[in-house]
Student: 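Handing you a structure now.
Reminder, nothing fancy here: chain letters follow the sequence lines and each chain counts from 1.
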2 protein chains.
Amino acid sequence: MPHHLIRKLEHFTRLSAADKTALQEIATRVQDFDADADIIREGDRPEHVHLVLEGWACRYKQLEDGRRQIISFFMPGDLCDTHVFVLRAMDHSIGTLTPVRLAGIPRERLLDLTARHPRITQALWWETLVTVAVQREWVVNLGQRSALERLAHLFCELFVRLRTVGLVEGDSCPLPLTQTELADATGMTTVHVNRTLQELRSAGLIILKGKRLTIPDLAALQAVALFNPNYLHLEHDGAHFDAND
Amino acid sequence: MPHHLIRKLEHFTRLSAADKTALQEIATRVQDFDADADIIREGDRPEHVHLVLEGWACRYKQLEDGRRQIISFFMPGDLCDTHVFVLRAMDHSIGTLTPVRLAGIPRERLLDLTARHPRITQALWWETLVTVAVQREWVVNLGQRSALERLAHLFCELFVRLRTVGLVEGDSCPLPLTQTELADATGMTTVHVNRTLQELRSAGLIILKGKRLTIPDLAALQAVALFNPNYLHLEHDGAHFDAND
DNA sequence: CGCCGTATTGACTGTAGTCAAGTGAGGTGG
DNA sequence: CCACCTCACTTGACTACAGTCAATACGGCG
């Protein structure tokens, strides 16, 4: 069932049939959440690693005075915190944006999986490091880019990430976010998000309607956003890690 | 020699004498760098993990048009990219801010160390996860905090981190950064950094002079910054990982 | 049809950026 | 030892990007 994860990991390494079977089997303890529900709250000590099977979620942090920052987005195929067990308590929360179906993977299960499947271990490492690289890019995005560039960059990133899990159709992809959520992710106000979206639309760079994003000319949007996809580390050259069966 | 690292790791777990000796011995291949030199450049494929022994460095990313964002600071005791080996090429650069003394730890050396010393493995995991947590907090800082809060927050973080490696004396610590560097880290202009520093000074929250930062009332500065140190995960409760010798 | 959350618009404010001109302090060389 | 040079810091006047407040429009769903 976790085909999105498998599809993503195959961008890094070729998995054997046995690897894939093993990955299929981790999707136990499936749970469903409504939209706008917390999966994990700041202060919790999570019991297992979560894998998003369907829907979108986000990592976020709320300041005492109510300001909220979305720190990252989770989409199908994404893992939440492969290694949290080391830390005592969550320093942020994870909440859903749409209805979400999750698999909860117990710690031992994951350890067992990686012990038996070295290529999966490598691939999960890659997954983790890319997540961190995305986090760094968000710092650049918030620190240096203008509102227009910022939204454009976010759209490029989400589009490319969705493509790696097979959720892009032609030049369009799902984008189930409200303008408020875009604002919380980009450090802008909803009003300014709204106006900036209009600017992107009238420049013909995006079509955004009915929770669906269309990018008629990805290269053009990338140019506006100063988007360089290398931080997503998608060049499939893990030949030296390939399965030989 | 890498006493700062040892001191830091002991905030998470109690290390045995053997653990400490092993850590002492990884500081081979010592290299010295001038200030404002690149240690690793975007696109490089680094050969070893770097440990900062003395001086300050930073992770940064430069956009095509020249804008630069400092993504994180490295101070004595910090490790650069414990697990880069999985990825093909660096997606950012690491450069010095002051003269820096580094130890280069070959991959095998690190694997060997962790294989023999499970507590060190745990402690390095903690180190890695805290680094990522810091990265997330920077997203919150850039996305939600005002200029004043942002600088105040950065100072709180640097102060607390320096304290964990023993570099705080009383209520003051080294701060070898120019206003330009502060600007690149906080996504502000140098002019605005300058004015905001004056505001912090005249509020009596900081004394900043001669590359030295004094914080007369840390609680007050924390309140202004909305700084909550929990993301640094310093509560020493790793008793269950304690060495028994 | 009517309700509620989301999106849109306008007018105004304010924080932060820009440009450009000084001032100051530390280091070097004559 | 001092002049000078450079880099960092400081200041002022002006601009502009983004935030605030508040009213209104839209759209999907019961």
Student: In whole angstrom, what separates A:Q179's CD from D:dG19's P?
Tutor: 14 Å
Student: Under 4.0 angstrom, heavy atoms only, what part of the nucleic acid is A:T190 near: base, sugar-phosphate, or nothing?
Tutor: nothing
Student: Quickly, which of B:D78, B:D184, B:D81, B:D38 forms a salt bridge (charged side-chain N to carboxylate O under 4.0 Å, His left out) with B:R59? Name it, please.
Tutor: B:D81
Student: Separation of B:R195 atom CZ from D:dT10 atom P, in whole Å?
Tutor: 11 Å
Student: Starting from P on C:dA16, measure out to NE2 on A:H192 and report it in whole angstrom.
Tutor: 15 Å
Student: In whole angstroms, how far is the C1' atom of D:dT11 from the CG atom of B:L197?
Tutor: 15 Å
Student: Once you round it to whole Å, what is the distance between C1' of C:dG17 and CZ of B:R67?
Tutor: 13 Å
Student: Grab the CG-C1' distance between B:L208 and D:dC9 for me, whole Å please.
Tutor: 11 Å
Student: For B:Q69 and A:V140, which heavy atoms make the closest approach, and how far apart are they?
Tutor: CG-CA, 3.8 Å
Student: How is A:R201 classified with respect to the nucleic acid when contacts are heavy atoms under 4.0 Å: base, sugar-phosphate, or nothing?
Tutor: sugar-phosphate
Student: Heavy atoms under 4.0 Å, any strand shown: does A:T196 hit a base, just sugar-phosphate, or nothing?
Tutor: nothing
Student: Between A:N194 and C:dT8, does any side-chain N or O lie under 4.0 Å from OP1 or OP2?
Tutor: yes
Student: Give the intermediate values and the outcome of salt bridge (charged side-chain N to carboxylate O under 4.0 Å, His left out) for residues B:R145 and B:E137.
Tutor: CA-CA 11 Å; B:R145 280 183 257 258; B:E137 190 65 30; 2.6 Å; yes
Student: Starting at atom CG of B:D184, determine the distance to atom P of D:dA8, rounded to an integer number of angstrom.
Tutor: 12 Å
Student: To the nearest angstrom, how far is A:E199 atom CD from D:dC17 atom C1'?
Tutor: 11 Å
Student: Side chains of A:R150 and A:T186: is there a donor and an acceptor less than 3.5 Å apart?
Tutor: no
Student: What do the steps show when you test B:E157 against B:W138 for side chain to side chain donor-acceptor pair (under 3.5 Å), and what is the final call?
Tutor: CA-CA 10 Å; B:E157 178 183 304; B:W138 279 44; 3.1 Å; yes
Student: Using a heavy-atom cut-off of 4.0 Å across all strands, would you classify B:G187 as base, sugar-phosphate, or nothing?
Tutor: sugar-phosphate
Student: Using a cut-off of 4.0 Å on non-hydrogen atoms, how would the nucleic acid contact of B:K211 be classed: base, sugar-phosphate, or nothing?
Tutor: sugar-phosphate
Student: In terms of the nearest nucleotide of DNA chain D, which residue is placed more toward the 5' end: A:R150 or B:T180?
Tutor: B:T180
Student: Would you say B:Q198 places a side-chain N or O within less than 4.0 Å of OP1 or OP2 belonging to D:dC9?
Tutor: no
